[in-house]
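Notes for the one structure printed next.
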Amino acid sequence: MIKVLNNIFVLEGKNIQYAFGPYKGLLRHIYFGNKADEKDFEHFEIRDISSNDSSCDIAWEEYTPWGGLRYKEPAVKVSFGDGTRDLVLEYDGFAIEEDVLRIRLKDKFYPIAIFLNYKIYEEYDIIARWVEIKNLGEEDIFIEKAYSCEVNIDGTGYNITNVLGHWAGEGRRFKQRLDGGKLILESRKGNTGHNNNPYFIIDIDASEDKGEVYFGALEYTGNFKILVEVTPYYYTRLLMGLNDFDFEYRLKASETLILPKAYIGYTDKGYSDMSHRLHRFVRDIILPVDLRNSLRPVLFNSWEATLFNVKCDEQIELARKAKDIGCELFVVDDGWFGERNSDSAGLGDWKVNRDKFPNGLEELIHEVNRLGMDFGLWIEPEMVNPDSELYRQHPDWVYRFNNRELTTSRNQLVLNLSLNEVKEYIFNVLDELLTNYNIKYIKWDMNRPFSEAGALNLDIKEQKMIWLLHSKAVFDLIERLRGKHKGIEIEACASGGGRMDFGVLNYFDEFWTSDNTDALDRLFIQESVSYIYPANTMRCWVTDCPNFINGRTIPLEFRFHVAMMGSLGIGGNINKWTKEEIELAKEKIKQYKEIRHIVQKGDLFRIKSIPKDEIHAIQYVYQGESVVFVFKLYEKFGRKQYKVKLKGLNADKIYEVKYGDKIVRKGGAYLKNVGLELILDGDFSSQLIRLKEI
Ligand code: GLA
């Protein structure tokens, strides 16, 4: 609900309120937190402390422009044609259109309008914020910095949580206290990358079940920036949006730049409640509509099984096995096209390799479909190997600077998606594949960050726009494809988890969580991802041991249980699995199909977490049903018996509990307060517990 009282705007959710309004020349933030009586909100008077400490730095502003006596990090900074680089924004009214509160700001002199848009999703207590910048004049305006949102929080000494990952080491969480100075989380790589992730969690001493948490995520994939500043004036402020590094947007006459959406939320019930809100929000609001409500299929992916050595006969054999164990979708990964026998050639040549598929891809697809499975294909459309037909024909299709050599990474270059020919080429390639073959699933990869990020087709004044143009082009392509080919499931991949963000989830159905498929590493990567992203968006495979990435050997059941905590896939060479392994796979996939609605649609509770706890336990609860995965890594002599106290159950109901070979009936209150006693026997042991309200 949006309320307007004496020039104070109050956005009201089920539990939260967000208040701000114009006052004495500034658009000032008033409050963000649990509900109060909106009639009580008022502006506090703010005075300069000295000639060095101006009231505009002391005030909490909704969208701080750079100009005047402001030295805090601005939310927006522009320069005008005559060299003026100072923005003086004045409040110019508001409108409420279809649940969106639109605040209009304009410069005192120059023809520029800024719209701050707010929409509250009451059910989720989440606020969407986005900014539009419009050039009302005839001359270009250059936008040097434009964040999507600014958040002001009273006090200092908060903690911020994010990740510090790398390839195959995604999701390494860190928590840092904010006592002074500035902290930046960002990507400069052209994609979101594996290092930091475009979300924030800010709290004082919250735990899973208690405490105040401010949180948010950016609906953008690419160069993002989150800047938190602890001000000398006893408040903490956060900006989130496009990275201003190597950024400048030329806003032409009458043009409007719409910035990516930022979502922010607040809870006083700890991290679990935050995750539940975000997960439900992603599932119900962010994900593409087509498959939003369907359960993700169990897939087989050929990558780890055959690498580039894809051969039709062998793939058919894998498909038969995949069907036998219960897979519903068969995905051929890299290696099916062009001269793609390693990562050094062929990218860009999206024609079926006839040595590998003498009768075309049809032979495999027919067999996959005959078996009753859907077919999926890997593609990396934004890239090209210099050793490819595409590059030989169009060496000018990649990003480049004059007088600089091109830097390859994984032997490939990035295609310049600000070129229409390139976008058309990619669209046609995918359109043809989807038209000519019965393809139901695409894994869209992106295996290197940008370098020499110049677009020689663009004006010299538009060079620093390429980061934004590239990300927009990717989304436009997906949208066009979805418009023409309904119901296609699309997985985002960027060398594993380099494209995990709300932007991607607005266009793709899921992401490849990590190239690291070692079940132990995955336990922590997936737990980290679970703070923000729901389980159905997280692809998780069971692969072979010793694991290709670290040589670790882990029992198959443990590997299954870890992968069953997301959207399950099989990524091992099942042609080589023993009879016992195949039998176990059948049993586990069957079990997954029985519980996947709970995992993919349920509320997730991080019950126990190694290394804080001795064991690891993750619980999912959905409409009277629940499933718990419990893991032990190694056995201390004599220690086999553990107690797990469950969450999210109804204290007044009785549950049927199945685990190991036991079936018992227990009350919700017992399971919550006393807990379930179970045996975990030996190193890398795991258990799956199922509960049903009766
Ligand atoms: C990336 C992906 C992998 C696989 C390979 C293929 O590394 O993350 O899953 O698709 O590319 O080359």
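When a ligand or atom number is given, it counts from 1 through the structure's own listing order. Because the structure is a prediction, the values reported are computed rather than measured.
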message = Does the residue K443 have a heavy-atom contact with ligand 1, meaning some pair of atoms that are separated by less than 4.0 Å?
response =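 Flag set, K443 near ligand 1.
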contact_flag R410 ligand 1 heavy-atom lt 4.0 Å =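 Yes.
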What protein heavy atom lies closest to [atom]? Include the residue and the distance to one decimal.
atom	value
atom 12 (O) of ligand 1	D334 OD2, 2.6 Å
atom 2 (C) of ligand 1	D445 OD2, 3.1 Å
atom 4 (C) of ligand 1	D333 OD1, 3.4 Å
atom 8 (O) of ligand 1	D515 OD1, 2.5 Å

query = Under 4.0 Å from ligand 1, counting heavy atoms only, is it the side chain of S495, its backbone, both or neither?
reply =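 The part of S495 near ligand 1 is the backbone, not the side chain.
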Part of N447 with heavy atoms under 4.0 Å of ligand 1, whether side chain, backbone, both or neither =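 Within the 4.0 Å criterion, N447 contacts ligand 1 through side-chain atoms alone.
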Of all the atoms in ligand 1, which lie at a distance below 4.0 Å from a heavy atom belonging to [X]?
X	answer
G496	8 (O)
C493	2 (C), 8 (O)
W512	8 (O), 9 (O)

query = Can you find an N/O atom of R340 closer than 3.5 Å to an N/O atom of ligand 1?
reply =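 Such a contact does not occur with ligand 1.
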inquiry  = Side chain or backbone, does F308 bring an N or O within less than 3.5 Å of an N or O on ligand 1?
reply    =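 No, since none of the N or O atoms of F308 sits under 3.5 Å from an N or O of ligand 1.
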Taking 4.0 angstrom as the limit, do [X] and [Y] come out as a salt bridge?
X	Y	result
R552	D521	yes
D509	R292	no
D246	R188	no

task = Report the residues that fulfil side-chain contact (heavy atoms from CB on, under 4.5 Å) with N411, sequence neighbours left out, ordered by chain and then residue number.
result =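 Partners of N411 by the side-chain contact (heavy atoms from CB on, under 4.5 Å) criterion, ordered by chain and then number, come out as D343, S344, N385.
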task = Using the salt bridge (Lys or Arg N to Asp or Glu O under 4.0 Å) rule, pick out the option among E510, E380, E382, E491 that qualifies with R499.
result =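 Considering E510, E380, E382, E491, a salt bridge (Lys or Arg N to Asp or Glu O under 4.0 Å) with R499 is found only for E382.
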message = Let's go through R596 and Q600 carefully: what are the C-alpha distance in whole Å and the side-chain angles of both, what is the deciding distance for side chain to side chain donor-acceptor pair (under 3.5 Å) to 0.1 Å, and is it a yes or a no?
response = CA-CA 6 Å; R596 74 173 139 186; Q600 295 188 18; over 6 Å; no
task = Under the ring pair (Phe, Tyr, Trp, His ring centres under 6.0 Å) rule, collect the residues that match up with W577, sequence neighbours excluded.
result =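 Ring pair (Phe, Tyr, Trp, His ring centres under 6.0 Å) list for W577, sorted by chain: empty.
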message = Can you classify the ring geometry of W336 versus W350 as parallel (below 30°), tilted (30 to 60°) or perpendicular (above 60°)?
response =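 Answer is tilted, since the angle falls between 30° and 60°.
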key: Single hit among H485, K443, R482 for side chain to side chain contact (heavy atoms under 4.5 Å, CB included) with I490   =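 Option passing the side chain to side chain contact (heavy atoms under 4.5 Å, CB included) with I490: R482.
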